[in-house]
Amino acid sequence: MTKSILGRKARLKIESVLRCYNLHKCLCFVFVFQTSSFSAATMKAHSVWWLVVLAILKNVSCSERTLFKLVTTSLTAKEGSCVEISCRVNERVKAAGAHWFWIKDIVWSKSVLTGTVIYSMNKSLIPVSTDFADRVKEISSLLPASGGYLTISKKSSILLCNLRKSDNGKYFFRFDGQEKWYTAAVRLHVKDNPCLITFKQPPVYKENNPITLTCSTLGSCGSNPVIKPLRPLSPTPLSTWDYDGRNKKSTSLSFTVNWQHDGEEFSCQTDDSDRYLMRNISLTVEYRPEVEVSMSPTATVRQGDAMTLTCRVRRSNPLPHTVIWIKNEKALSEERTERYVVQSIQPEDAGDYKCSAINVRGEGTSEPFRVKVQYGPRRTTISISEGNKRVGVGKSLTFYCQTEANPAPHGYSWYRDNETMEIDSSRWKYETTRDNKRTLVTVERTDQGCYTCKATNFINTGKQSEPVCIEVLYAPSSPSLSMKTEVREGQLVTISCSVESSPPSKLTLTLTSESNPPSSKVLFTHPGSDRRPNNLNHTFHVTSTHAGVYTCDATNTEGSTTSERKKLVVKCEQKKLVPKETI
């Protein structure tokens, strides 16, 4: 047999027992399919048809009970319509290992009966004729009840549609299990139909293109074809009717398709009395994608967590072939899949994400989806209200602690020279509940130093900021003038003057004579930018002209002051006189 199949036309016989008669003989199926042009390499058939051959076989066990009964033995329907063929379980029969099928036109010829299988419960075992495969469907099945027996009165029903005149004939039900049975014939008569409908499935349409659906029937039909959508359309399509005067009547429905029409079904019918004479078609509309971004787990994640964004296609026909991810209006070129995954999210990953999906009809872009990343304070800095870090005594100064954090910090810690400031000090003024700024109402000299801050939110406490150092400016204190008050002429003398001030002061040493009238002159000036600020030292050999009152003046940007007056007495050294006699 293998050689026959591979080399020429072949026959494969599968025996299946049919109904028995009280003749100690049984009619049995010999299932035959015939094929031509089988390739030895591929076993691919170019043409196939199926026959069922009945033969008289002996010594085959057949049931003499009436296992099944036809619901009706005669059916009449119009060409193009549908007809239901049914039989009912009449007696208790075991279904285990059984199969059943419907067959048409059993013909006896020289002890052989042939027929055409129109429906099979097991198509791999009993194949169905290609002429009926797309026109027959099961509408009621013989499902076994408990115990594996078929339920009495349960029906096996099939619906044969798009009837043709060639469907006229006799139809039988065949059951093949532990017991074998086939029913008497159901006679089907297909009448001429003067109103046969032609309603062709339309091609694929593009969104926003105009289309026209046309349904036609024979000119001899007594009514006109009517096209109806299965649900109301808005706006209502334009319907037109046409008759060529002899052969054809037609109705057309015109409108512009959009994505909502994809899958829309339309029916055409000339006679409302037979629902099976209705013809249905469905539209296929191609349109660009509409997408949206969703996130797992939520739109807010903590630093270090994993994040998955999904580009969800709400509608698209055909499905997108490319997906592009966009963050803050810049394409993420490395991501081309429907999912964007970040294994360990960082604050820099926060932002507005969109996805664009592309198919043959265009591109659709989602609305922005905002991703929020929660993280502890970072990049903390401290600044002051004055741009200049030098502030005068008595003025007000505010410190600001700026940081990046999500959520915003709920508390701040402030440090001076690495020592925590006393929050309850009367020198601090609170101005916000978040305490992100601190104010010195009146600056004092002791406030000079370096300040840092830390910020805290519910994630953690951030690192301490780099310090900001302030210099407190104040006027010079009363200069301290140090000098001898009585010296001899020619003696080496040093006069010193010192002061406390910020910035450093210019020191001026002034001598006021005791002459009448008195006169003053500046003996020495010490600039404030000297390497030894706020200290003046003047050394000189005393002469009588140095006698008088000395003062030291200190001056800086914040003010000036003068020391107390000190008097210098210069004693003259007496010269010895030589007697004239000795001259």
Side-chain angles (χ1 to χ4, degrees), residues 11-34 48-71 73 85-109 111-133 136-160 169-186:
R11 286 191 177 185
L12 174 65
K13 298 184 178 181
I14 303 174
E15 297 185 353
S16 177
V17 180
L18 284 177
R19 180 184 177 191
C20 293
Y21 290 85
N22 295 325
L23 301 173
H24 305 291
K25 298 179 180 180
C26 293
L27 295 175
C28 295
F29 268 121
V30 179
F31 170 68
V32 178
F33 77 83
Q34 186 168 355
V48 178
W49 66 89
W50 303 96
L51 298 174
V52 173
V53 180
L54 299 177
I56 297 179
L57 300 178
K58 297 182 179 181
N59 302 322
V60 180
S61 174
C62 296
S63 176
E64 297 183 4
R65 300 186 299 147
T66 304
L67 302 182
F68 300 90
K69 282 187 175 181
L70 296 173
V71 174
T73 58
I85 308 174
S86 302
C87 73
R88 196 183 305 274
V89 180
N90 189 58
E91 296 189 27
R92 179 180 171 87
V93 58
K94 197 167 186 65
H99 58 272
W100 51 88
F101 52 92
W102 287 87
I103 185 171
K104 176 181 182 287
D105 289 342
I106 297 174
V107 178
W108 179 276
S109 176
S111 300
V112 175
L113 295 179
T114 61
T116 303
V117 176
I118 69 166
Y119 171 80
S120 173
M121 165 257 199
N122 188 339
K123 293 182 176 63
S124 61
L125 180 63
I126 307 294
V128 174
S129 166
T130 56
D131 197 33
F132 289 87
V136 178
K137 67 177 181 179
E138 184 181 47
I139 57 176
S140 180
S141 179
L142 297 176
L143 295 177
S146 59
Y149 287 87
L150 297 180
T151 304
I152 293 178
S153 298
K154 188 72 176 177
K155 290 195 303 181
S156 171
S157 299
I158 59 172
L159 189 68
L160 173 57
K170 300 176 182 179
Y171 294 80
F172 302 83
F173 173 77
R174 167 64 180 167
F175 180 85
D176 191 352
Q178 291 182 4
E179 298 183 83
K180 328 295 184 190
W181 188 263
Y182 79 93
T183 64
V186 177

Take Tyr171 and Leu70, measure what side chain to side chain contact (heavy atoms under 4.5 Å, CB included) needs, and give me the verdict at the end. CA-CA 10 Å; Tyr171 294 80; Leu70 296 173; over 6 Å; no
I need the full list of salt bridge (Lys or Arg N to Asp or Glu O under 4.0 Å) pairs touching residues 93-102, with sequence neighbours left out, sorted by first then second residue.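 Listed by first then second residue: nothing to list.
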Which residue pairs satisfy the salt bridge (Lys or Arg N to Asp or Glu O under 4.0 Å) criterion with at least one member in residues 114-128, sequence neighbours excluded? none
Checking Lys170 against Ile106 for the side chain to side chain contact (heavy atoms under 4.5 Å, CB included) test, could you report, in this order, the C-alpha distance in whole Å, the side-chain angles of both residues, the deciding distance, and whether it holds? CA-CA 8 Å; Lys170 300 176 182 179; Ile106 297 174; over 6 Å; no
Can you tell me if Ser120 uses its side chain to pair, donor with acceptor, with the backbone of Pro127 under 3.5 Å? no
Whether the side chain of Asn90 engages the backbone of Thr66 through a donor-acceptor N/O pair (distance < 3.5 Å, no angle test) should be reported. yes
Which donor-acceptor pairs under 3.5 Å do side chains of residues 151-160 form with protein atoms, sequence neighbours excluded?
unit_1	atom_1	unit_2	atom_2	d
Ser156	OG	Trp102	NE1	3.4
Ser157	OG	Ser86	OG	2.6

Take Tyr182 and Phe173 through the test ring-ring contact (aromatic ring centres under 6.0 Å, His included) and record every step on the way to the result. CA-CA 5 Å; Tyr182 79 93; Phe173 173 77; over 10 Å; no
When you check the side-chain N and O atoms of Asn122 and Ser124, is any donor under 3.5 Å from an acceptor? yes
Sequence neighbours excluded, the answer for salt bridge (Lys or Arg N to Asp or Glu O under 4.0 Å) partners of Glu91 is Arg65
Taking only residues two or more places apart in sequence or in another chain, which ones pass salt bridge (Lys or Arg N to Asp or Glu O under 4.0 Å) with Asp105?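 Here no residue qualifies.
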Could you give me the CA-CA distance, side-chain angles and deciding distance for Asp176 and Trp100, then say whether side chain to side chain contact (heavy atoms under 4.5 Å, CB included) is met? CA-CA 6 Å; Asp176 191 352; Trp100 51 88; over 6 Å; no
Minimum heavy-atom separation for Thr183 to Cys87, with atom names?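 Distance-wise, the nearest heavy atoms are CG2-CB, 4.5 Å.
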Kindly determine whether Ile85 and Phe172 satisfy side chain to side chain contact (heavy atoms under 4.5 Å, CB included), including the steps that lead there. CA-CA 9 Å; Ile85 308 174; Phe172 302 83; over 6 Å; no
Is Phe132 close to Lys104 at the side-chain level, that is, under 4.5 Å between some pair of heavy atoms?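 Counting from C-beta outward, Lys104 and Phe132 do come under 4.5 Å.
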With sequence neighbours excluded, residues passing side chain to side chain donor-acceptor pair (under 3.5 Å) with Tyr119: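 Testing Tyr119 for side chain to side chain donor-acceptor pair (under 3.5 Å), a comparison that skips the adjacent residues, returns Glu138.
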